[in-house]
Amino acid sequence: MNRQRLLLVEDDPAIARTTAYALEREGFTVSHSLTLTDARAQLRSAPPDLLVLDIGLPDGSGLDLCRELRQRDTLPILVLSAQGEEIDRVLGLELGADDYVTKPFSPRELVARVKGLLRRTQALPAAQAVAHKGAFQVDREGRRIWLQGQALDLTRREYGLLLDLLDHKGRIRSRDSLLRAAWGADSESTDRTVDTHIKTLRAKLHAASPGRDYIVTHRGMGYTMAPDD
């Protein structure tokens, strides 16, 4: 089982060290950013499973990043708010944060909040929430996909690519279309990024269902999801 990856955006080195240590002891892989600029770069290059986001940062407000992410993403966000900043906490939740912890906090409390948030966002959906697309089952609300009953361990980009291909089964999807579907219209990613993610997605599909290629490459044109047999 893959370790869940967290991005901690916190400009206080002491708080960051203590928090990262507590989370890593519980089996999480933690990356750390001191600034919004670095956080944005890490979100593009290595998307995490959850974001722990401080509001007061040297180069701006974490609320700005929260707003940006919610325009194109469902990444779970836990906001860190200084004691007495109730307005910021309320704004954070209004802008799409999933939970918040007030400083000073105990590492044990933060770990519990992170685990609870991940359970809520990654829990298996009720049967009626699942749409069947051939060998695949899709839960859009929970952002989960299964292949022949086996849950696929997908990054959010892989999920976006696979969902778009399933929604347009049998139709060629250009790399530009796939970029918009999985990264958003304002993405700075390239065609090569799509190809790299398709490669890893193919490997995961093959691991879940060996012997069949579900994604078909059309040279110079794009990709399609193979029709059902």
Side-chain angles (χ1 to χ4, degrees), residues 2-123 142-143 154-160 182-189 193:
N2 292 337
R3 290 162 61 98
Q4 290 175 303
R5 291 167 291 125
L6 310 181
L7 175 58
L8 170 63
V9 187
E10 168 60 62
D11 66 327
D12 186 315
I15 294 176
R17 283 194 301 270
T18 302
T19 302
Y21 177 73
L23 291 166
E24 287 168 348
R25 283 191 61 184
E26 294 297 319
F28 296 106
T29 297
V30 181
S31 299
H32 175 227
S33 290
L34 290 166
T35 64
L36 288 175
T37 300
D38 184 63
R40 290 185 177 101
Q42 291 207 47
L43 286 165
R44 288 193 298 268
S45 63
D49 296 298
L50 183 143
L51 175 65
V52 180
L53 177 63
D54 188 20
I55 290 178
L57 295 163
D59 56 344
S61 171
L63 296 176
D64 294 333
L65 180 57
C66 188
R67 183 188 296 108
E68 293 168 18
L69 290 171
R70 279 299 171 260
Q71 291 175 353
R72 64 180 188 271
D73 212 319
T74 59
L75 172 70
I77 301 173
L78 187 151
V79 165
L80 302 179
S81 175
Q83 189 172 21
E85 292 181 340
E86 183 174 354
I87 293 177
D88 282 348
R89 293 198 299 274
V90 171
L91 278 174
L93 294 175
E94 289 180 349
L95 292 172
D98 299 282
D99 200 356
Y100 71 87
V101 174
T102 302
K103 297 178 181 179
F105 55 82
S106 72
R108 180 177 297 179
E109 178 190 7
L110 182 68
V111 169
R113 293 290 190 93
V114 166
K115 288 182 175 180
L117 181 52
L118 286 170
R119 280 196 300 269
R120 294 199 302 272
T121 57
Q122 298 180 357
R143 296 179 66 84
L154 304 174
T155 67
R156 72 178 186 278
R157 305 305 189 192
E158 292 165 354
Y159 169 85
W183 278 265
D186 60 346
S187 171
E188 298 177 2
S189 299
T193 303

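When reading the values below, keep in mind they use all heavy atoms of this one structure, side chains included, and skip hydrogens, waters and symmetry mates.
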*Asks:* Can you check side chain to side chain contact (heavy atoms under 4.5 Å, CB included) on Ile15 and Phe105, steps first, answer last?
*Replies:* CA-CA 10 Å; Ile15 294 176; Phe105 55 82; 4.1 Å; yes
*Asks:* To the nearest 0.5 Å, tell me how far Leu57 CG sits from Thr35 OG1.
*Replies:* 8.0 Å
*Asks:* Between Asp98 (side chain) and Ile77 (backbone), is there a donor-acceptor pair under 3.5 Å?
*Replies:* yes
*Asks:* I need the Leu51 CG to Gln42 CD distance, nearest 0.5 Å.
*Replies:* 10.5 Å
*Asks:* Leu23 and side chain to side chain contact (heavy atoms under 4.5 Å, CB included): which single residue from Val30, Thr29, Leu50 fits?
*Replies:* Val30
*Asks:* Kindly determine whether Leu80 and Thr19 satisfy side chain to side chain contact (heavy atoms under 4.5 Å, CB included), including the steps that lead there.
*Replies:* CA-CA 11 Å; Leu80 302 179; Thr19 302; 5.8 Å; no
*Asks:* Would you indicate whether the side-chain heavy atoms of Val52 and Val101 approach each other to under 4.5 Å?
*Replies:* no
*Asks:* In the structure I gave you, are the side-chain heavy atoms of Pro48 and Leu6 within less than 4.5 Å of one another anywhere?
*Replies:* no
*Asks:* Applying side chain to side chain contact (heavy atoms under 4.5 Å, CB included), run through Thr102 and Glu109 and close with a yes or a no.
*Replies:* CA-CA 10 Å; Thr102 302; Glu109 178 190 7; over 6 Å; no
*Asks:* Nearest heavy-atom pair of Pro58 and Leu34: which atoms, and what distance?
*Replies:* CD-O, 3.5 Å
*Asks:* Taking the side chain as everything from C-beta on, heavy atoms only, tell me whether Leu43 gets closer than 4.5 Å to Leu75.
*Replies:* yes
*Asks:* By salt bridge (Lys or Arg N to Asp or Glu O under 4.0 Å), which residues pair with Glu26, not counting sequence neighbours?
*Replies:* Lys115
*Asks:* Would you give the length of the straight line joining atom CG of Asp54 to atom CG of Leu36, rounded to the nearest 0.5 angstrom?
*Replies:* 9.5 Å
*Asks:* Do Asp12 and Lys103 have side chains that approach each other closer than 4.5 Å (heavy atoms only, starting at C-beta)?
*Replies:* no
*Asks:* What residues form a side-chain hydrogen bond (donor to acceptor under 3.5 Å, both in side chains) with Thr37, not counting sequence neighbours?
*Replies:* Asp59
*Asks:* Stepwise, does the side chain to side chain contact (heavy atoms under 4.5 Å, CB included) test hold for Thr193 with Arg157?
*Replies:* CA-CA 10 Å; Thr193 303; Arg157 305 305 189 192; over 6 Å; no
*Asks:* Which heavy-atom pair separates Leu8 from Ala16 by the least distance, and what is that distance?
*Replies:* CD2-O, 3.7 Å
*Asks:* Nearest heavy-atom pair of His32 and Glu10: which atoms, and what distance?
*Replies:* NE2-O, 2.7 Å
*Asks:* Taking all atoms of both residues into account, what is the closest heavy-atom pair of Asp49 and Gln4, and its distance?
*Replies:* OD2-CA, 3.3 Å
*Asks:* On a heavy-atom basis, which atom in Leu7 and which in Ala39 lie closest, and how many Å separate them?
*Replies:* CD2-O, 3.9 Å
*Asks:* Write down the atom of Val114, the atom of Phe28, and the distance for their closest heavy-atom approach.
*Replies:* CG1-CZ, 4.0 Å
